[in-house]
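Below is one structure, written out as structure tokens; comments come after it.
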Amino acid sequence: MAKALTGDGSAPARPAPLAVALKDAVVSGVITWLLLLPLVGFRATESGSGPLTLTTRFGLVTVFAVVVAVLRLVMHLTVWRPGREKRVAATPSALAGLGARISPLAKPAFFTLALLYPLLAVVLSGGLTPSRYWIDLGIYIGSYVMLGWGLNIVVGLAGLLDLGYVAFYAVGAYAFALLSTSVPINDFMAGHLGEGFWAAWSFWVCLPVCGLLAALWGVILGFPVLRLRGDYLAIVTLAFGEIIRLVLINWTDFTNGGAGIASIPPISFFGMPFSAGDDGFAAHFGLTFDPMHRIIFLYFVILALAALTALVTLRLRRMPVGRAWEALREDEIACRSLGINTTLTKLTAFATGAMFGGFAGAFFAVRVRFVSPESFTFIESAMILAIVVLGGMGSQIGVAAAAVLMIGGMEMLRNLSFLKSDWLLGPDFDPTLYRMLIFGFAMVAVMVWRPRGLVSGRLATIFLKERKTVSGDLVKEGHG
Amino acid sequence: MRRWETDPILAVDHLTMRFGGLIAVNDVSFSVGRGDVTALIGPNGAGKTTAFNCITGFYKPTLGRLALSHDAPASPEEVQALTANGQAHAATTGGALYLLERLPDHKVASRARVARTFQNIRLFSGMTVLENLMVAQHTRLTRSGLLSPSALINLPSWRRQEKEGLDRALHWLEKVDLVSRADDPAGDLPYGDQRRLEIARAMCADPVLLCLDEPAAGLNPRESAALNALLLSIRADYGTSVLLIEHDMSVVMEISDHVIVLEYGCKISDGTPAEVRSDPAVIAAYLGVDEEAVEAVEAEVGL
Ligand SMILES: Nc1ncnc2c1ncn2[C@@H]1O[C@H](COP(=O)(O)OP(=O)(O)OP(=O)(O)O)[C@@H](O)[C@H]1O
Ligand SMILES: [Mg+2]
């Protein structure tokens, strides 16, 4: 504020934009300071059991006032600047141009970074053990990237609003948990293929099974539901997600109810356990045993699964079925007039999306080694859907960026301890409580800035001379 | 010659469509000749689009039979037998017979091979022109299955198939003069181009009967003339029968072999353009004037 005052003092008499802006900044800063003085500046706290004592927080008030002043100054010098011609047409094309220039680089850069991430984490955090937090975060983000890409098939490509995607995640996770801990299967495998076979191989054997089971459930759900459209479809899928969770809670004999299923065998390096023993991964490759090997391997497994999702989606988009999905999103009636069986096409989208959800579920179970209905609540579905919408429906790179931003950002908001300093909000302030609020604001801001998501354009799947990006304004969102 | 009497591709019998109390199409019977351009005309609200929706399977008619025969006309006995046995299609001596009212809409398009356009254009506006034409070939391209492995792993056999599809799309792009816009989003095209693209898209579905709902609506005279040429070429070069709804009399009189007139859901006239043009009932109904005023109006509209 002191700075703003001196600036105002030296301003010339003629109403230059800068002078107007500075004056406005100072005035609004002062008003804010005065307004907040009684509201924020004084605080009555109970001292032990005794009387109320008055504490003052002038520093905080000043901080708020300066924030307001600086923001208004910035706004006046940019957006509110008098005589500023609005570049309505120029701005998007410049942005699009920039996007076009960086987009060929974005994908390889993203993938390289994803591949090198564990190395970077280990080097930057100074060792395997300290890197655990970062690699766990990477796995966490990777799971959501994969889930986002899976749901993207249903919501982004086929335009079917699915609020119960977590159901397929749960089917995958429980299928793996039940199969891998099943005593009869273990005994059977032990009899035929040797002791310990099932513990070592269960994930690799069950992974495709889990995907197929989830896809099957996708078909079972989709069949009665896909004649509904829009809001009705959304509500029924939401209900389906809840039904699956309630069944998991209440069918105690089968799923062990709310207590969940524990002691799921850990992942193996294609049959080689990550153990300190002689037949373990470390001994086999001449490394010293470290529990982090398993974590890093998990990171690469989710990376591979996510890459599989992306590649399959990419391929499907260029096939008649993928084009039919997108055509369905654009105009269902026109699709039917061209002989596309819309029910079947929607079912394939549902089942394909569900299959990747099932893969991700199996991965979740083998990573956490414990599943319970708690992990599959509606908020998960909402989170995944938010990632898809924020990323830009249909865009793979956008969804990946959104997952990094949302999951990573949410995690980073845990580290707001600087707000605890005395002159800000005081040591009793718990920033983690506010992280959802801050996050909500950030989401609103992003959606105002880019209403069609981070990447709104749609890349054509086939071209004659050049592959063009279809602007997001023309691409429909689908309604059924 | 009256081909719709000797070799009908589509025979509509007693077609009736009721919406609650409103009878949009009332006991209408007519035939569409194989290889003809047949025009369905009538004032606004006469029930033309409703009849189209019944033929293309979008509405299930309240009453009536819609018999479509591939390759050669079906004998009355064959039609009768199929109607009686409750099935939707049967092989006949010369080809195949389909009862359209028994088929779901997508099968009318994929099996009976009836393609259509819409009164209000329905393109996939967020997809490119070329993609629109590729989607139209869905039935042909998914003959080996919706998720055929050869397409999934991009085998040469699939690439050959896709190349054929691309060639067909290119052929139609040339026909409607949109090659230069192939990679642009369909929603970006001007109105006249969108109309032509919709026709090209319908033709890419390889129909035996092409139903066009007001293809000349909103076109300027030059575009309208180009459309006439396109429709005549579709009939001459591909042998596709065309059934069109049209308000533009110059299009109707110039290119059609057979005209059917509807008013308030009922058929009021049926015949060659010359017959229909001179039918006083038609002029009175369609132009909304008394029979005394017919000559003046004819001069005005240039008939
Ligand atoms: N789905 C529907 N439900 C109820 N009434 C309908 C429906 N579709 C059409 N109608 C009614 O049926 C009548 C015939 O409509 P239709 O659209 O077939 O007319 P049209 O001959 O195509 O007219 P236009 O030249 O204006 O396109 C109209 O009165 C219309 O309101
Ligand atoms: Mg109409």
Side-chain angles (χ1 to χ4, degrees), chain A residues 157 159 215 311-312 314-349 351-352 355 393-394 452 456-478, chain B residues 56-58 104-118 121-132 134-142 145-148 151-154 158 162 165-166 169-170 173 179-180 182-188 198 201-202 204-205 207 211:
Chain A
L157 293 185
L311 289 178
V312 170
L314 217 62
R315 186 67 217 135
L316 286 173
R317 267 197 70 201
R318 290 181 191 176
M319 282 170 50
V321 64
R323 294 208 185 102
W325 289 341
E326 293 199 72
L328 206 65
R329 177 193 62 198
E330 296 289 323
D331 193 325
E332 187 171 340
I333 291 183
C335 277
R336 289 195 266 146
S337 83
L338 294 170
I340 295 174
N341 183 341
T342 50
T343 313
L344 194 66
T345 308
K346 285 180 183 178
L347 266 185
T348 54
T352 313
M355 180 177 78
M393 294 206 282
R452 306 282 312 216
S456 58
R458 170 186 173 274
L459 210 58
T461 60
I462 190 168
F463 61 96
L464 204 59
K465 295 192 194 71
E466 57 168 324
R467 190 185 295 285
K468 289 192 185 162
T469 306
V470 179
S471 120
D473 309 329
L474 290 171
V475 181
K476 300 211 174 68
E477 283 131 358
Chain B
T56 50
F58 281 84
D105 44 18
H106 64 90
K107 284 206 174 147
V108 171
S110 63
R111 307 262 336 241
R113 290 166 60 201
V114 177
R116 73 170 292 179
T117 64
F118 296 86
I121 303 176
R122 286 185 173 273
L123 288 171
F124 306 123
S125 56
M127 303 175 85
T128 64
V129 170
L130 190 58
E131 283 177 310
N132 269 269
M134 292 305 282
V135 172
Q137 303 180 52
H138 186 83
T139 313
R140 182 202 317 274
L141 292 177
T142 54
L146 206 51
L147 292 167
S148 89
L152 211 52
I153 53 177
N154 208 3
W158 161 251
E162 193 177 34
L166 192 62
L170 269 182
L173 282 179
V179 181
S180 57
D183 297 322
D184 289 330
D188 265 353
E198 209 189 9
R201 188 181 69 177
C204 275
C211 299

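As the structure is a prediction and not an experimental result, all values here were calculated from the model.
- With chain A as partner, the option from B/Ala186, B/Ala151, B/Cys211, B/Pro185 having the largest number of non-hydrogen pairs under 4.5 angstrom is B/Ala151.
- Of all non-hydrogen atoms in A/Pro320 and B/Leu141, the two that sit nearest each other are CG-CB, 3.7 Å.
- Of the inter-residue distances, the one linking B/Met134 atom CE with A/Met319 atom CE reads 12.0 Å to the nearest 0.5 angstrom.
- Here the OG1 atom belonging to A/Thr469 is positioned 11.0 Å from the CG atom belonging to B/Asp183, to the nearest 0.5 angstrom.
- The two residues B/Phe118 and A/Ala334 have their closest heavy-atom pair at CE1-CA, 4.1 Å.
- With a threshold of 4.5 angstrom between heavy atoms, A/Arg318 approaches chain B through N, CA, C or O but not through any side-chain atom.
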Under 3.5 Å, which donor-acceptor pairs link side chains of residues 107-114 of chain B to any protein atom two or more places apart or in another chain?
unit_1, atom_1, unit_2, atom_2, d
B/Ser110, OG, B/His106, O, 3.0
B/Arg111, NH2, B/His89, NE2, 3.4
B/Arg113, NE, B/Asp206, O, 3.0

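- Contact count versus chain B (heavy atoms, under 4.5 Å) is highest, among A/Val321, A/Val475, A/Leu344, A/Thr342, for A/Val321.
- Counting heavy-atom pairs closer than 4.5 Å to chain A, the top-ranked of the candidates B/Met127, B/Arg116, B/Gln137, B/Glu162 is B/Met127.
- No hydrogens or angles considered: nothing links the side chains of A/Lys468 and B/Thr128 as a donor-acceptor pair under 3.5 Å.
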Can I get a per-line list of side-chain donor-acceptor pairs under 3.5 Å for residues 456-463 of chain A, giving both atom names and the distance, sequence neighbours left out?
unit_1, atom_1, unit_2, atom_2, d
A/Arg458, NE, A/Glu326, OE1, 2.5
A/Arg458, NH1, B/Gly126, O, 3.2
A/Arg458, NH1, B/Glu131, OE1, 3.0
A/Arg458, NH2, A/Glu326, OE1, 3.4
A/Arg458, NH2, A/Glu326, OE2, 3.3
A/Arg458, NH2, B/Glu131, OE1, 3.3
A/Arg458, NH2, B/Glu131, OE2, 2.7
A/Thr461, OG1, A/Arg323, NE, 2.9
A/Thr461, OG1, B/Glu131, OE2, 2.7

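- With values rounded to the nearest 0.5 angstrom, B/Leu123 atom CG is found 11.5 Å from A/Leu474 atom CG.
- Using a 4.5 Å cut-off between heavy atoms, A/Ile333 touches chain B through backbone and side chain atoms alike.
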side-chain contact (heavy atoms from CB on, under 4.5 Å) assessment of B/Val135 paired with A/Ile340: CA-CA 9 Å; B/Val135 172; A/Ile340 295 174; 3.6 Å; yes
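- Contacts between A/Ser337 and chain B at a heavy-atom distance below 4.5 Å involve backbone atoms as well as side-chain atoms.
- Counting heavy-atom pairs closer than 4.5 Å to chain A, the top residue among B/Ala205, B/Pro207, B/Ala136, B/Ala182 is B/Ala136.
- B/Arg201 places a side-chain heavy atom less than 4.5 Å from the side chain of A/Leu338.
- Across B/Thr56, B/Asn154, B/Thr117, the residue that shares the most heavy-atom pairs under 4.5 angstrom with chain A is B/Asn154.
- Of the two parts of B/Val179, the backbone and the side chain both hold a non-hydrogen atom closer than 4.5 Å to a non-hydrogen atom of chain A.
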Stepwise side-chain contact (heavy atoms from CB on, under 4.5 Å) test for B/Leu147 and A/Leu316: CA-CA 8 Å; B/Leu147 292 167; A/Leu316 286 173; 3.8 Å; yes
